[in-house]
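Sequence positions, counted from 1, serve as the residue numbers for this chain.
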Amino acid sequence: KANAQMNSILGNPDRLRAVAEDFVKHYEKRVSEGATVKGKAMFVCSSRPIAYLLYKEIIALRPQWAEVKACEDGATLSDKDRREIKPMERIKMVMTRGQDDPKELYDLIGSKDNRKELDRQFKNEKSNFKIAIVVDMWLTGFDVPCLDTLYIDKPIQRHNLIQTISRVNRKYGSKEKGLVVDYIGIKKQMNL
């Protein structure tokens, strides 16, 4: 019951619109200031329906992020890069399909093989795939050294929280540390 109440608050359309606006503004500012190494960010949502609604709000603000591109803007690709990098959108949802998903969501998520390709592309620093919206996947045991920004909008407890925020704390080039943007108030959990 508490989870359902929390999700009704987190999934409120006005709130999600405000979160999407804040996220886009924050993300673009980090990229324009050079505060992010490769523009890789992960947004953690509390449920699949909320993730989908957030995705739609972000795409409404930045439709160009849904355009398929060969690689990140300004990248110089070697022959090897051309073989390894698959053209795709800047922002993707990474989650398993559900039998009851609406067709649009079902098609957007893709198959298990598609998720494996998303894994490979997100780890490639030159890939156009820069922003992953997740619920449970990739929160633990997923290593992308150039990932430097994590947006959290999901209640996460102790050990899982440490595992989750560790996704952005891998050293990489000039990156010394990652940034965690807290939309839900996880700081209290870190102090327990």
Side-chain angles (χ1 to χ4, degrees), residues 1-30 39-66 89-112 114-115 118-119 122 129-142 144 147-169 178-192:
K1 186 175 179 180
N3 252 0
Q5 287 176 329
M6 176 67 77
N7 280 339
S8 72
I9 294 167
L10 296 177
N12 175 281
D14 292 334
R15 180 187 180 277
L16 281 178
R17 192 169 304 110
V19 168
E21 288 171 3
D22 185 74
F23 164 73
V24 168
K25 181 179 170 186
H26 186 268
Y27 176 83
E28 289 180 333
K29 183 177 181 191
R30 282 185 56 78
K40 297 283 185 173
M42 189 181 299
F43 198 109
V44 184
C45 293
S46 64
S47 73
R48 297 168 77 254
I50 290 171
Y52 183 46
L53 292 173
L54 178 71
Y55 170 83
K56 291 195 309 189
E57 289 291 343
I58 292 170
I59 293 305
L61 294 168
R62 293 296 179 271
Q64 65 271 27
W65 290 3
E89 302 87 340
R90 172 179 286 264
I91 186 169
K92 301 285 282 181
M93 291 187 304
V94 181
M95 56 192 70
T96 56
R97 279 178 165 171
Q99 293 292 344
D100 298 330
D101 287 340
K103 181 176 176 11
E104 185 181 355
L105 175 60
Y106 188 86
D107 294 343
L108 194 60
I109 292 173
S111 66
K112 185 176 181 179
N114 184 49
R115 283 193 311 278
L118 291 177
D119 181 308
F122 198 66
F129 178 25
K130 300 293 184 188
I131 304 165
I133 297 178
V134 302
V135 175
D136 294 314
M137 298 185 98
W138 293 4
L139 298 185
T140 61
F142 182 69
V144 180
L147 173 65
D148 56 19
T149 313
L150 181 68
Y151 298 84
I152 299 180
D153 194 31
K154 174 182 181 170
I156 305 174
Q157 306 296 316
R158 298 183 184 106
H159 177 71
N160 286 341
L161 178 58
I162 299 304
Q163 286 287 312
T164 300
I165 63 176
S166 294
R167 299 307 99 214
V168 294
N169 286 332
L179 175 67
V180 176
V181 178
D182 179 9
Y183 283 106
I184 195 160
I186 59 169
K187 186 177 186 297
K188 190 167 66 174
Q189 286 298 321
M190 294 178 69
N191 294 333
L192 293 176

Let me see the working for Asp119 and Arg115 under salt bridge (Lys or Arg N to Asp or Glu O under 4.0 Å), right down to the final yes or no.
CA-CA 6 Å; Asp119 181 308; Arg115 283 193 311 278; over 6 Å; no
Determine yes or no for a side-chain-to-main-chain donor-acceptor pair under 3.5 angstrom, with [X] supplying the side chain and [Y] the backbone.
| X | Y | answer |
| --- | --- | --- |
| Arg30 | Gly39 | no |
| Asn169 | Gly178 | yes |
| Asp153 | Phe43 | no |

I need the single residue from Tyr183, Tyr27, Tyr151 that forms a side-chain hydrogen bond (donor to acceptor under 3.5 Å, both in side chains) with Asp22. Which is it?
Tyr183
Donor-acceptor contacts under 3.5 Å from residues 50-59 side chains, at least two apart:
residue	atom	partner	partner atom	Å
Tyr52	OH	Glu104	OE1	3.0
Tyr52	OH	Glu104	OE2	3.1

Test log, rule side chain to side chain contact (heavy atoms under 4.5 Å, CB included), inputs Leu150 and Thr164:
CA-CA 9 Å; Leu150 181 68; Thr164 300; 3.8 Å; yes
Enter the distance from [X]:[atom1] to [Y]:[atom2] here, rounded to the nearest 0.5 Å.
| X | Y | atom1 | atom2 | value |
| --- | --- | --- | --- | --- |
| Arg90 | Arg62 | CZ | CZ | 11.0 Å |
| Leu161 | Ser166 | CG | OG | 9.0 Å |
| Met42 | Thr149 | CE | OG1 | 11.0 Å |
| Lys154 | Ile184 | NZ | CD1 | 10.0 Å |
| Leu108 | Lys92 | CG | NZ | 6.0 Å |
| Leu179 | Asp148 | CG | CG | 8.0 Å |

Do Phe23 and Ile131 come close enough that some side-chain heavy atom pair is under 4.5 Å?
yes
Heavy-atom pair of closest approach, residues [X] and [Y]:
| X | Y | result |
| --- | --- | --- |
| Thr140 | Gln163 | CG2-CB, 3.3 Å |
| Val94 | Ala132 | CG2-CB, 4.2 Å |
| Ala60 | Pro63 | O-CD, 3.9 Å |
| Phe122 | Val144 | O-CG1, 3.7 Å |
| Met93 | Leu105 | CE-CD1, 3.3 Å |
| Leu139 | Arg167 | O-NE, 3.1 Å |

Asp100: what forms a side chain to side chain donor-acceptor pair (under 3.5 Å) with it, not counting sequence neighbours?
none
Side chain to side chain contact (heavy atoms under 4.5 Å, CB included), paired with Ser46, selected from Leu10, Ile156, Ile152, Ile9:
Leu10
